[in-house]
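Reminder, nothing fancy here: chain letters follow the sequence lines and each chain counts from 1.
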Amino acid sequence: MNGTTTFPDAHDGSPWEELVTVALLGTDRRPVPRLAAGQEAPVALLDAAAVETVRRRAGLRPAQAAPRPAPAAEDTRPPLPRAAARRLAMLLADRPGTGGGRRGTAPDLMELLPQWLAMANAHGFAAPPEALPALLDAARGRTDLRPAALTFAGPRALWLARLNPDWRFALRAAPGGGTEAPDHQDTERVRRLWQEGLFAERVALLSAIRAREPAAARELLDTTWTTERAEDRLMFLDSLRSGLGAADEPFLERALTDRSRNVRATAAELLSALPGSALAARMADRAASCVALDHTRAVPAIVVEPPHECDADMERDGVVAKAPSGRGERSWWLGQLVEAAPLGSWSRRFGGRTPEEIVALPVADDWQGELHAAWCRAAVRQRDGGWSRALLGVPSLPEAAGPGAVSLAERAKLLATLGAHERAEWVAGFIATHGLSEAFQLLGVCAVPWSPALGRAVVDALNIARDAGSYPWSFSGVMGLAERCLDPSEAERLNALTATPEEAEDASPGSGGYWAEAFQRLVTTLRLRAAMREELASP
Amino acid sequence: MWGLCKGSGSKPYQTVIDVADSTGPAYKCSCPSRKFPCKHALGLLLLWAGGDTAVPHAQAPDWAEQWLAGRRRRAEARRTTTDAASGAAPADPEAARRRAERRAERITAGAAELEQRLADLLRNGLAGAEQAGYGLWDETAARMVDAQAPGLAARVRELGAIPGSGAGWPVRLLEECALLHLLDQGWLRRERLPDGLAATVRSRVGMPGSPDGPPVRDRWLALAQYDTADSRLTTRRIWLYGAESGRTVLLLSYGAAGRAPELALPVGLAFDAEVSAYPGSGQLRGALGERLSPPEPAATRPPGVTPAQAAVRYGEALREDPWLDSVPVTLARVVPVPDGDSWQLADADGDLALPLTASARSRPGLWRLVALSGGAPVTVFGECGHQGFTPLTAWPEREGEAVGLC
């Protein structure tokens, strides 16, 4: 029997309790109460028990209600359009492991969920309540989904998370267990949360204020700076990275004398990202003394004389004295100096040359790799588009794909400093010349959906790879990206590629069919994305 | 539903589909394809399923009307012939009567044997049943299958699981033994029972019945649909609510193990149809007859009662059928409330609540119900019985679609 529904006369000594006792022990050992003459004991017991059972069931009464949880906060966002709600249910029903093995031509729905959530959040729709359990389960398994999923899920998800331990993560992700971060103008509440809050709450508060009013965040941090623990100081300092400006310099300059080496290094890094800072000027001087232009040669060339020692002032400015094993000390110090020096200072140093001209200068004695790599790091740190462009060079040059001075990972970072349009153009040019085998990382930094030129370059390159007779899974990474990032309007152009081509002689056996399948999946996915977009846009 | 599809020839293919048939959709297409349904019919169905506007309402052309009329005529003819056939069904009524008599004798022998086993069990005490395990019950169940009493066999098999079902098992075992004894006695004295109760006993014992109640025409709303499976059979239960008659009926449909039963009625859709009841007092089982309209979304909801009224309803239903485990009930304005590690559905306007059954607590549907409610009252359809309440479908307080919980 369930514990809470009450049966009539369920107390001890009732006829029913007595019947159970007799049944448990057996009628041979214990007499049946009120046994009529001529009746067999077990049958009499069963008769009585049947009457009692039906009587008890018929007299069932509801239980006392337990204390009710406070209702969830109202979600004021407009509800999803019906078609979009159905689509969400479909995306959530496609859990990994349900398909298994080869995907065939069916689109990978789980991979579309992040996009769907981003679009739904952009429209500001409320999640249908009945979809919340599946949504929370999906976000539980995939941390990358959590921010968008929890935004979409809204206040009711937090209410649910308090009732189900499986969804605790939702409470952790939301500072204060779902209470909104206080308005930064509400100084009293801000101060209290800053002084009494948990570490995660304080980081969230600091980041939130920094995003709206950078100076206020710095001042708030300054109030308790000297009393914080070293690892907390490091995290707080890191949150100043966004909205960094010249006004932060005095505070950061003070942090250069911090007790913790990691805090000092982070402060130095932040200062060097401010080209006008005193630290940047000091680094520029040091770097300039190591790198010079030799006019005595037939062609002017850069000569490098790396520093001979790492003095205390350099260390204070964040230069790490000890080189990692396998690297020479002097080149290690040089790299750090050049990385931290403002890029603008090089133009003055080299007689007003543009970044392109400086990058094109020959470098004496094999120092080119070291110097260019340091400039790349500087361009990324200082988000200098001009230098990034110069260091990236022309995408169609043969060495652009080679191992050269600038690795693919560094190129991807350099690209990130450029505008979305320029980025796409460069990557498109790169793919057109060098194909897809090296392009994965570069495509990852391009804006979604891909620009028409970039999309065309990727599709053409896939087509070339197919004609070359390789198998599509050599390109599964790019294919997966294309499914998520290609503009859905490309679907029509792709249609021609979904047919199975005649097998070429030198092609890998069966590859044509697999390619057709891969392209079919691409087209289906693009159509699905277009449908998703429409469903969310229509009222 | 009809459509024209442009094929390779000069004349477009004429495709027509009848979705209002109780045996499933029927197709006709003028294309030469030997696949059935052909791709044109499938395409038309997909368009229709995709949205309300893709297949607009229009006057059906002659060729579609003719086909439909022909189908209706044939269906009518078939019904009259089967009616006639079932009237004169047993080619040899004398032989059929003898078969039924032989079966009744076998069941009577089985019931008597079962009575003996139950008496032995209680003479020695239930405490010994814990050690005996499944073996004893499996053998008895097999004997009941031999006796052509599958209903008794199923109950006996369930007895075997009770000693391992946790605290309070002696109470449950005694209850089930007593009800089995009651069923045995009901069968052995069926001649002296009122007709309705005798029919209930026959169907509980496992005699096949046929839906001989008068067909009731109504607008039926599909309230819930769920499958249970054992090693041999998938059983689908569909609860229907008649908007005009206010009746709730149960449709059963079976499929081989691992295969979905044929009949499927999505929750929240309503359609006009005839339903005939199976015999027996307190029996809610019906058989779906002719479907007169295609299923479409409906805003109707069954009227609800309070938790207290639901408990009363179960008690009253036991009068008609004492073996009943639960009755279908719609609860209005209830709030799912956590109660320790269990849940209840509490009256929003009172302090009484129905606890959920143990199985309902572990289903994902519970969380859909809790999420839908968000602490506010909801309307819940489910099965209410001595083990608690099993929620099957829920509606939000304000307007909104039905949410399946099973």
Quiz item: Taking B/L405, B/V403, B/L182 one by one, which has the highest count of heavy-atom pairs under 4.5 Å against chain A?
Solution: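 Top option by heavy-atom pairs under 4.5 Å: B/V403.
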
Quiz item: Taking B/L173, B/N124, B/V335, B/L324 one by one, which has the highest count of heavy-atom pairs under 4.5 Å against chain A?
Solution: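 Highest number of heavy-atom pairs under 4.5 Å: B/N124.
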
Taking every heavy-atom pair that is under 4.5 Å apart, which of [options] has the most such pairs with chain B?
options	result
A/V20, A/L19, A/L24, A/V54	A/L24
A/E40, A/R29, A/E130	A/E130
A/P129, A/P71, A/A65	A/A65
A/A73, A/A58, A/A83, A/A41	A/A58
A/A72, A/A23, A/P133	A/A23

Can a donor-acceptor pair be found, under 3.5 Å and without considering hydrogens, that links the side chain of [X] to the backbone of [Y]?
X	Y	result
A/R146	A/R140	yes
B/T357	B/Q387	no
B/Q344	B/L356	no
B/R368	A/A134	no
B/W343	B/P336	no

Could you tell me whether [X] and [Y] have a side-chain N and a carboxylate O separated by less than 4.0 Å?
X	Y	value
B/R333	B/D347	no
A/E52	A/R56	no
B/R172	B/E158	no
B/R398	A/E74	yes

Considering only heavy atoms, which portion of [X] lies under 4.5 Å from any heavy atom of chain B: side chain, backbone, both, or neither?
X	value
A/P155	neither
A/R30	neither
A/R156	side chain

Self-check item: Proximity of A/F152 and A/W116 rings by center, below 6.0 Å
Solution: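 Distance test on ring centres: under 6.0 Å, yes.
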
Quiz item: Would the A/W159 and A/W167 ring centres measure less than 6.0 Å apart?
Solution: no

Quiz item: Is there any residue in residues 370-384 of chain B with a non-hydrogen atom under 4.5 Å from a non-hydrogen atom of chain A, and which ones are they?
Solution: B/V370, B/A371, B/L372, B/S373, B/G374, B/G375

Quiz item: Under 3.5 Å, is there a donor-acceptor pair linking the side chains of B/Q309 and B/R313?
Solution: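 Not at all, the side chains of B/Q309 and B/R313 share no donor-acceptor pair under 3.5 Å.
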
Quiz item: Any luck finding a side-chain donor-acceptor pair between B/R123 and A/T27 under 3.5 Å?
Solution: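 Their side chains do not contain a donor-acceptor pair, so the 3.5 Å distance test is not met.
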
Practice problem: Kindly indicate whether a cation-pi arrangement holds for B/R190 with B/W187, taking the cut-offs as under 6.0 Å to the six-membered ring centre and within 45° of the axis. | Solution: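 Verdict for B/W187: a cation-pi partner in B/R190.
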
Quiz item: Does A/R57 count as lying over the ring of B/Y314, i.e. NZ or CZ under 6.0 Å from the six-ring centre, within 45 degrees of the axis?
Solution: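 Geometry flag: not set, cation outside 6.0 Å or 45°.
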
Which atoms of [X] approach chain A - backbone, side chain, both or neither, heavy atom under 4.5 Å:
X	result
B/E176	side chain
B/D120	neither
B/D321	neither
B/E316	neither

Exercise. Evaluate the side chain to side chain contact (heavy atoms under 4.5 Å, CB included) criterion for residues B/R155 and B/W323: first the C-alpha distance (whole Å), next the side-chain angles of each, then the deciding distance (0.1 Å), finally the verdict.
Key: CA-CA 11 Å; B/R155 282 182 169 269; B/W323 299 278; 3.4 Å; yes

Exercise. Output the residues of residues 44-51 of chain A for which the shortest heavy-atom distance to chain B is under 4.5 Å, in residue-number order; output 'none' if no such residue exists.
Key: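 Interface residues of residues 44-51 of chain A: A/L45, A/L46, A/D47, A/A49, A/A50.
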
